[in-house]
2 protein chains.
Amino acid sequence: MVMESTAAPGNDPRPGRLNRRIVVRAALELVDAHGLEALTMRRLGQSLGRDPMALYRHAASRKDLLAGVVELVLEELEVVAEDAHWQEQLRRMAHELRRVCLLHPNVVPVLVTGPLSTPLGLRPTGTLKPLEQILAVLIGAGFSAADALHVYRAFYGFLYGHILNELQELIADPDENEALLRLGLQRLSLREFPHLRSLAPELMEYDGEHELDQGIGILLAGLGQQLADSAAR
Amino acid sequence: MVMESTAAPGNDPRPGRLNRRIVVRAALELVDAHGLEALTMRRLGQSLGRDPMALYRHAASRKDLLAGVVELVLEELEVVAEDAHWQEQLRRMAHELRRVCLLHPNVVPVLVTGPLSTPLGLRPTGTLKPLEQILAVLIGAGFSAADALHVYRAFYGFLYGHILNELQELIADPDENEALLRLGLQRLSLREFPHLRSLAPELMEYDGEHELDQGIGILLAGLGQQLADSAAR
DNA sequence: ACCTGAACACCGTTCAAGT
DNA sequence: ACCTGAACACCGTTCAAGT
């Protein structure tokens, strides 16, 4: 592995005084620029012009640092206006999360798997903010607390899944993509993968924003319908 | 970190001859038992009674090993019968993937983020098998190739998202859970998290299987409806 | 030709020694 | 009391030296 130059270009390599915010922000920049693996205490220390050990004053561990990075990314979410129908508000929230995730694709793996097995109550407040926000919208729209929770789960489940899907289909170099795809698909045996092999043209065009919008629309319509039914019963 | 005993209990620590299958299976056992971080070349070599370097004969790298582990887990998927309605077949596939993921929760993070930015055509055939299978069901049910791909994406998106959600709510010790949850929620400020704080009782009971079934039902109904509409137009 | 294991270039984190 | 950096206990992987 090749070592990068001492500091990220355009960044003061030696800010006057360190605090958690500065450290976490530098960590995010490292991850954005060079991937999750590049985030090591040593490299981060180097990019801040400090002894790596100095970082432990502002983050308990590498894991804690990653949790901070996730929180920082979620802070970039713009709050959607409250004047629309609840379905429209949720739809906008979905697009907003998608937008932020596409800005920080390297963070997404920790964003979606990060809090695994961390009890909900103990998660950083930054990651609970979106949950509270959605609950507010739904309860404000007349849902019971229990129903709001159901809608939240289905909504966020679909949203996370879509983002993972989209990132998987996102290729660094779109020019290379077509050739690579065709080559890759041809490698597959026609007997075992007849349908997949025939899908090359369709796989080429993927409109993540549209796909997300469609899916959310279907889901919200179905959820609204189901809840209306159960209310009428 | 404490070192485990030389071999996993009940496992022959020194199989006669190594091959990829044996190596990958041992890797899966290590991950199941002790988590992803426990999968190191050195520990795996130790659990097989071999020099760690011997593993490189059967796996190109640790990453390759993890890809093999994911493939192995997906091989545990039982193929669903082909005699039901396509929606029912997809529903069963969803439950089947959920079942296997819950058997190997430690593998799920690599399962869902593993192929990130690996072009679809270059992924291991084991991970493409479920995709081909779903396409077969949908095209067999009369969908066009393009529509089948849309349904697949929405379906798998939701499915992955649900599984991640469920694993996040799954707590190791359910007895401790309630106390921890209440404690955690009380930590939150009432001003910032009024709705979340009031949801403690609802958060306690989570039926992942039912939740998945509901979500899949809504999604499939919506997808079927949408596609019927577009066919009629 | 194959296999082994020493060695390299890293890790996160602890903790004793300095100020 | 605070900060530093040497040291510990690991990593994945390369490659020269053995058989």
Side-chain angles (χ1 to χ4, degrees), chain A residues 1-8 13-20 22-24 26-31 33-70 106-107 109-110 113-114 118, chain B residues 1-8 13-20 22-24 26-31 33-70 106-107 109-110 113-114 118:
Chain A
M1 177 166 297
V2 180
M3 208 58 195
E4 244 65 30
S5 69
T6 308
R14 176 98 204 189
R17 186 194 282 268
L18 245 43
N19 59 39
R20 182 172 228 265
I22 291 173
V23 170
V24 171
L28 173 58
E29 282 168 13
L30 212 45
V31 172
H34 304 288
L36 277 174
E37 298 167 14
L39 178 58
T40 70
M41 304 308 264
R42 284 163 159 92
R43 272 188 84 163
L44 183 56
Q46 191 182 225
S47 92
L48 288 164
R50 303 302 178 104
D51 187 290
M53 291 306 106
L55 305 175
Y56 283 88
R57 192 144 293 279
H58 306 100
S61 65
R62 183 175 185 272
K63 256 170 115 160
D64 182 49
L65 213 48
L66 280 171
V69 166
V70 168
N106 295 338
V107 180
V110 284
T113 67
T118 304
Chain B
M1 176 165 300
V2 181
M3 207 58 194
E4 245 66 31
S5 69
T6 309
R14 177 97 204 190
R17 186 195 279 271
L18 245 45
N19 59 40
R20 182 172 229 264
I22 291 174
V23 170
V24 171
L28 173 57
E29 282 168 14
L30 212 46
V31 173
H34 303 288
L36 276 173
E37 298 167 14
L39 178 59
T40 69
M41 304 309 264
R42 283 163 162 90
R43 272 188 84 164
L44 183 56
Q46 192 182 225
S47 91
L48 288 164
R50 304 302 179 106
D51 188 291
M53 289 309 106
L55 305 175
Y56 283 88
R57 191 144 293 278
H58 306 100
S61 65
R62 182 175 185 273
K63 259 170 115 158
D64 183 47
L65 214 48
L66 280 171
V69 167
V70 168
N106 294 338
V107 179
V110 282
T113 67
T118 304

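The chains referred to below are lettered A, B, ... by the order of the sequence lines, with proteins before strands, and numbering in each begins at 1.
Atom pair B:Arg57:CZ and C:dG5:P shows a separation of 14 Å (rounding to whole Å applied). One can place CG of A:Leu55 at 13 Å from P of D:dG5, the figure rounded to the nearest angstrom. Atom pair A:Leu36:CG and C:dC11:C1' shows a separation of 15 Å (rounding to whole Å applied). For B:Gln46 and D:dG12, the CD to P distance is 13 Å, given to the nearest whole Å. Going from atom CZ of B:Arg43 over to atom P of D:dC11 covers 8 Å, rounded to whole Å. In this structure, the CZ atom of A:Arg50 is 12 Å from the C1' atom of D:dC3, given to the nearest Å. Rounded to an integer number of Å, the gap from B:Arg17 CZ to C:dC2 C1' is 12 Å. Taking atom CG of residue A:Leu30 and atom P of nucleotide C:dC11, one finds them 10 Å apart after rounding to whole Å.
Although no hydrogens or angles enter the test, the distance criterion places a donor-acceptor pair under 3.5 Å between the side chain of B:Arg20 and the main chain of B:His58.
B:Arg42 contributes atom CZ, which lies 6.0 Å from atom CE of B:Met53 (distance to the nearest 0.5 angstrom). Remark: B:Leu28 CG to B:Leu65 CG distance equals 10.5 Å, nearest 0.5 Å. A:Arg62 CZ to A:Leu39 CG: the interatomic distance, rounded to the nearest 0.5 Å, is 5.0 Å.
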(message) Quick one, B:Val110 with B:Val69, criterion side-chain contact (heavy atoms from CB on, under 4.5 Å). Give me CA distance, side-chain angles, the key distance, then yes/no.
(response) CA-CA 9 Å; B:Val110 282; B:Val69 167; 5.7 Å; no
(request) Could you walk me through whether A:Leu18 and A:Arg50 pass the side-chain contact (heavy atoms from CB on, under 4.5 Å) test, one step at a time? (result) CA-CA 9 Å; A:Leu18 245 43; A:Arg50 303 302 178 104; 3.8 Å; yes
Can you pull every protein N or O that's under 3.5 Å from an N or O on nucleotides 13-19 of chain D?
{"unit_1": "D:dT13", "atom_1": "OP2", "unit_2": "B:Tyr56", "atom_2": "OH", "d": "2.9"}
{"unit_1": "D:dT13", "atom_1": "OP2", "unit_2": "B:Arg62", "atom_2": "N", "d": "3.1"}
{"unit_1": "D:dT13", "atom_1": "O5'", "unit_2": "B:Tyr56", "atom_2": "OH", "d": "3.4"}

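Atom name C1', nucleotides C:dT14 and D:dG12: the rounded distance is 23 Å, in whole Å.
Within the shown strands, C:dG18 is the pairing partner of D:dC2 under the Watson-Crick or G-U definition, both distances less than 3.5 Å. Remark: C:dG12 base-pairs with D:dC8. Criterion, Watson-Crick or G-U wobble with two distances under 3.5 Å.
With A:His34 as reference, A:Leu30 is the one residue of A:Leu30, A:Val31, A:Leu36 to meet the side chain to side chain contact (heavy atoms under 4.5 Å, CB included) rule.
Between D:dC11, D:dG5, C:dG5, one nucleotide has an atom nearer to the side chain of B:Asp51 than all others, and that is C:dG5. Nearest nucleotide to the side chain of A:Ala54, out of D:dT4, C:dG12, C:dT4: D:dT4.
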